[in-house]
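One-based numbering along the sequence shown. Side-chain atoms are counted along with the backbone in the values below, which use heavy atoms only and exclude waters and symmetry mates.
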Amino acid sequence: RSLVYSFLDEWLYNFAIEDFVANAITIEEINLDKWTVVSSGKGEVMDISRHPQGMEVKAITYSGMRIDEKKGRVDIYVVVDI
């Protein structure tokens with residue numbers, strides 16, 4: 001769970017600092033021995049005229065995080081602070 005949390009928190013940080021809005025994220029490598037995830041994202045810089053703001057995600061939380069591993073896929077459920 002901590003690796004998932006760190007991964008999501010890095011993308012949230014990327015939005016907060018760079019104003020980058022990802023519309024697709026590709027996970028290129030997961031190394032469970034080193035606890036690293038290599039990923040890339042496609043998207044654009046935040047533009048208030050194109051991306052109207054409603055509620056802003058303030059933080060990723062462990063609260064209620066659930067990871068369900070199934071054959072050929074993993075479903076992740078996350079509660080965020082807004």
Residues 51-59, side-chain donor-acceptor partners within the protein, below 3.5 Å, at least two apart:
from	atom 1	to	atom 2	distance (Å)
H51	ND1	D47	N	3.1
H51	ND1	D47	O	3.2
H51	NE2	E44	OE2	2.9

Side-chain donor-acceptor contacts of residues 9-28 below 3.5 Å, not counting sequence neighbours, with atom names and distances?
from	atom 1	to	atom 2	distance (Å)
W11	NE1	S39	OG	3.2
E28	OE2	S40	OG	2.5

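Between Y77 and D68, the shortest heavy-atom contact is CE1-OD2, 3.5 Å. Smallest separation of non-hydrogen atoms from I67 and V4: CD1-CG2, 3.7 Å. The minimum heavy-atom distance linking R73 with D75 is given by the pair NH2-OD1, 2.7 Å.
Y5 is connected to L8 through a chain of hydrophobic side-chain contacts under 4.5 Å among Ile, Leu, Val, Met, Phe, Trp and Tyr, so both are in one cluster. Each of I82 and M46 belongs to its own hydrophobic cluster when Ile, Leu, Val, Met, Phe, Trp and Tyr are linked at side-chain heavy-atom distances under 4.5 angstrom. Placement of V78 and V74 within a single hydrophobic cluster is found when ILVMFWY residues are connected by side-chain heavy-atom separations under 4.5 Å, directly or transitively. Side-chain heavy atoms closer than 4.5 Å link hydrophobic residues (I, L, V, M, F, W, Y) into clusters, and following such links, possibly through other members, connects F7 to L3.
Counting heavy-atom neighbours within 6.0 Å of I48 CD1, excluding the residue itself, gives a total above 12.
In this structure, S2 OG and W35 CH2 are separated by 4.5 Å, a value rounded to the nearest 0.5 Å.
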